[in-house]
Structure formats: structure tokens, C-alpha cells
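The chains referred to below are lettered A, B, ... by the order of the sequence lines, with proteins before strands, and numbering in each begins at 1.
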Protein chains: 2
Amino acid sequence: MSASTKLSTAVRALCFLAEHHPDPQTSADISKFSEINASKIRQILSMLVKGGIVKSSYGKKGGFMLNKEPAKLHLQEVYCAIEDRKAFYLNVSKSTAQIKPKLNSLNNYFLNFFADIQIDIEEKMKKITLEQILLHLKQ
Amino acid sequence: MSASTKLSTAVRALCFLAEHHPDPQTSADISKFSEINASKIRQILSMLVKGGIVKSSYGKKGGFMLNKEPAKLHLQEVYCAIEDRKAFYLNVSKSTAQIKPKLNSLNNYFLNFFADIQIDIEEKMKKITLEQILLHLKQ
DNA sequence: ATAAATGGTTACACTATCTGTAACAATTTT
DNA sequence: AAAATTGTTACAGATAGTGTAACCATTTAT
């Protein structure tokens, strides 16, 4: 699953949970709202549960519910919970095999460049809270 | 071909051309140095030719040569020449079909976010010249 | 003119990744 | 014990990326 798909799915689910807080919502409920398959919803929300962003309960009347105030939940936290790879992973091989020094040097140059970008993106994400997104939706 | 692969290939080729300036280098020569298939080299360099960054000549003693001073050629120009899509295109559908207003609103939010990132990346690219990259390689 | 060398373009099989879905195990509640 | 729910794994189909070849277009050299 691509990083952007996961993030988008997670945010849809989080918006839905925020609106129905504190009633638990099943993956079927969230699926209906978000138009994303219930199984995928569970896959992504299980990661948010591990990250402490969402709580889940089993059995009848079970489901998912927010575990953080929207004002205190920013996008970077969500992103970290669902993605271990780098956000915008790029195809610059870290070859272990023999490689020409110049090509290796170029690869490293690109890797550093993309690492910088990654940092910028995460900084931007830190400035966006779920609350802001919810406000945006109400406009 | 992914954006990062194209950019990386283009820069490898440009470095090689800069080092051998002003002698034309064939796609076979560049392929040998860059370890990238000659056909792919031609595919990417033909875009740089259209962008005015590289010149090409046919026939015996033909090949590719730089058409800009390394100090005046920045990465963003190269990127624009090889890529029409957005740099880090993300999977946020611009659905034309009926869609829930809230989901649509969320999609737009993400599109704006990613557009901002795109701008940042291009700004960063504008600050990197081929000359700088070449200096980095000589260290 | 002609042959040869080269760039330019298209096509294609192979691989890898992404997507949507189903199935079932694990857990909890009633 | 039964039912409802989350959590996890698996997999076929779709999509995109990669490496390569083939051939066309253009120019140069003789």
C-alpha cells in the first residue's frame, strides 16, 4: 500500500471517528463513509491502534474510537504510525556490490537530497492537526 | 519510468557530458559510464535535447554534448525537461463521478498539501546546479 | 549517391508493486 | 457457548516500472 493511500485512508477514518466520538464505530461503518474496503480499514486502523492514536474493542458494540484530542493529533504522528519506510521513497539504490566511485558519489548526493525533502515534508505534517482538517471540512 | 529514475539517469549523463565537453559522446559511451542501457539513455537525452539542455548530432562522430554551462544549469530545469507529471505524484483521485462532499473536500485538502510540497521541492532543485554536483564528485 | 553510424521512437516481455477482496484466526461481550 | 467484532494473512487481478530489442530518421563521410 502506498504511503499516500494509507495516509488518505487513515485521515478519512479519523475524521469519521472524530465526528462520532466517543461512540465506537465498526470497520463496516467507516467503510461505508469512506468508500474504502472494510478489510483495508481494519489493516490501517490496527496500525493506528498500535500507535495509540485509536482505541479498539472487540465483540458486540465494539469498534474503533479516537484516543487523542483532534487538536493534539498532528499528521506526522499519523504518518509515523502507518509508515515505516520513508515518505517519498525514491529509487536511488544503496548498492552493496562493486560500483564506480563516481556513481556511488552521485547516489549519495541524491540520497541526501531526498532525505532533506523528507525532513521538510515531516515538518509540514507536524503543523497540521486533525482539528484543522475537521474545520476545513465544515466550511 | 519513475521521476527519480529519470532524474538520476539524466544527471549521470550530464556529468559525463560535462567532463568530456565539448566532444560529442555517443549513447554507447554514456551507457558504459552510467551503467544504464543505451536505449534508455537515448530516451532520456532526447527529452533534454528538446529542452535545449543538450545538443545531439547524427552520423559518424555524432553524439550528445552539453548545451549549457554547468554553472547555469540547475536541477529544476532538468527535471522539467524530463517530467511532465508532478514530481511526487500522489494517489489522490480527482474523481469526476459523484462523490460525497466531505470526501471531495478531504481530497482537495490533500491535493493542496501535495502541491505545496511540490513547490518546495522545485525550489530546492532550483538551488542546485550541475556545477555544484560536479564539484561534489571531485571531492 | 551510398553506406555507415548515430540519435529517436515504439514495442514488448518480465518483474515488481499496488489494489481490492476474501477468508479465517483471535478476542471480547452477552 | 454463540455472536460480533478486530487483527492478520493470502491471493488474484490490475497497474506501473525495467531492461531490452528492433526499427525508423537523420546525418556524415567517402
Side-chain angles (χ1 to χ4, degrees), chain A residues 1-10 12-13 17 23-32 34-51 53-67 81-86 88-93 95, chain B residues 1-10 12-13 16-17 23-32 34-67 81-86 88-93 95:
Chain A
M1 219 176 327
S2 76
S4 56
T5 302
K6 281 194 220 173
L7 192 61
S8 169
T9 302
R12 285 186 185 191
L17 293 182
D23 302 326
Q25 304 294 316
T26 69
S27 59
D29 296 334
I30 302 170
S31 170
K32 199 173 174 186
S34 65
E35 299 181 352
I36 290 160
N37 185 279
S39 187
K40 275 276 181 277
I41 294 287
R42 291 200 298 276
Q43 284 168 22
I44 287 164
L45 289 200
S46 72
M47 294 189 272
L48 297 184
V49 168
K50 283 173 187 164
I53 294 166
V54 161
K55 274 195 293 191
S56 67
S57 54
Y58 283 75
K60 217 174 247 182
K61 303 212 173 172
F64 299 93
M65 56 183 287
L66 257 189
N67 195 32
I82 60 182
E83 193 66 24
D84 35 344
R85 282 192 323 201
K86 292 300 182 185
F88 299 85
Y89 185 77
L90 293 175
N91 248 346
V92 181
S93 61
S95 173
Chain B
M1 217 174 330
S2 76
S4 56
T5 301
K6 280 192 221 175
L7 191 60
S8 170
T9 301
R12 286 186 184 192
F16 186 74
L17 293 183
D23 302 326
Q25 303 297 315
T26 68
S27 59
D29 297 334
I30 302 170
S31 169
K32 200 172 173 187
S34 66
E35 299 181 351
I36 290 158
N37 185 280
S39 187
K40 276 274 182 278
I41 294 288
R42 290 200 298 274
Q43 284 168 22
I44 286 164
L45 289 200
S46 72
M47 294 189 270
L48 297 185
V49 169
K50 283 174 188 164
I53 295 166
V54 161
K55 274 196 293 192
S56 67
S57 55
Y58 285 76
K60 220 174 240 181
K61 303 213 174 170
F64 298 95
M65 55 183 290
L66 258 190
N67 196 33
I82 59 182
E83 193 65 25
D84 37 343
R85 283 193 320 200
K86 291 300 182 187
F88 300 85
Y89 185 77
L90 293 172
N91 247 344
V92 180
S93 60
S95 172

Q: Sugar-phosphate atoms are those with a prime plus P, OP1 and OP2; base atoms are the rest. Using that split, label each nucleotide of nucleotides 22-30 of chain D B, S or - for protein heavy atoms under 4.0 Å, 5' to 3'.
A: B--BBBS--

Q: Give a yes or no on whether a donor-acceptor pair under 3.5 Å exists between the nucleobase atoms of dT10(C), that is its base, and the side chain of Gln43(B).
A: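 Indeed there is one.
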
Looking at [N], I'd like to know if its phosphate oxygens (OP1 or OP2) sit under 4.0 Å from a side-chain N or O belonging to [X].
X: Ser56(A); N: dG7(D); result: yes
X: Lys50(B); N: dT9(C); result: yes
X: Thr5(A); N: dT19(C); result: yes
X: Ser27(A); N: dT6(D); result: yes

Please answer whether the main-chain N or O of [Y] pairs with a side-chain N or O of [X] as donor and acceptor at a distance below 3.5 Å.
X: Ser56(B); Y: Gly63(B); result: no
X: Asn67(A); Y: Lys55(A); result: no
X: Thr5(B); Y: Met1(B); result: no
X: Lys6(A); Y: Ile82(A); result: yes
X: Ser27(A); Y: Arg42(A); result: no
X: Glu83(B); Y: Ala81(B); result: no

Specify the separation, in whole Å, of atom [atom1] of [X] and atom [atom2] of [N].
X: Ile30(A); N: dT6(D); atom1: CD1; atom2: P; answer: 7 Å
X: Met47(A); N: dG7(D); atom1: CE; atom2: P; answer: 11 Å
X: Glu35(B); N: dT20(D); atom1: CD; atom2: P; answer: 12 Å
X: Met1(A); N: dT15(D); atom1: CE; atom2: C1'; answer: 16 Å
X: Ile41(B); N: dT6(C); atom1: CD1; atom2: P; answer: 15 Å
X: Met65(A); N: dT6(D); atom1: CE; atom2: P; answer: 13 Å

Q. Distance from Ser31(B) atom OG to Gln25(B) atom CD, nearest 0.5 Å?
A.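 Rounded to the nearest 0.5 Å, the OG-CD separation comes out at 12.5 Å.
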
(Q) Taking side-chain hydrogen bond (donor to acceptor under 3.5 Å, both in side chains) as the definition, give me every residue that meets it alongside Ser34(B), ordered by chain and number, with sequence neighbours left out. (A)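 Ser34(B): no side-chain hydrogen bond (donor to acceptor under 3.5 Å, both in side chains) contacts found.
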
Q) Could you give the angle between the helix axes at the two ends of the helix from dA1(C)-dT30(D) to dT30(C)-dA1(D), with five pairs per end, rounded to 10 degrees? A)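 If I round to tens, the end axes sit 10° apart.
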
(Q) Assess the residue pair Leu17(B) and Ile30(B) against the criterion (side-chain contact (heavy atoms from CB on, under 4.5 Å)); give the C-alpha distance rounded to whole Å, side-chain angles, the decisive distance to 0.1 Å, and a yes or no. (A) CA-CA 8 Å; Leu17(B) 293 183; Ile30(B) 302 170; 4.0 Å; yes

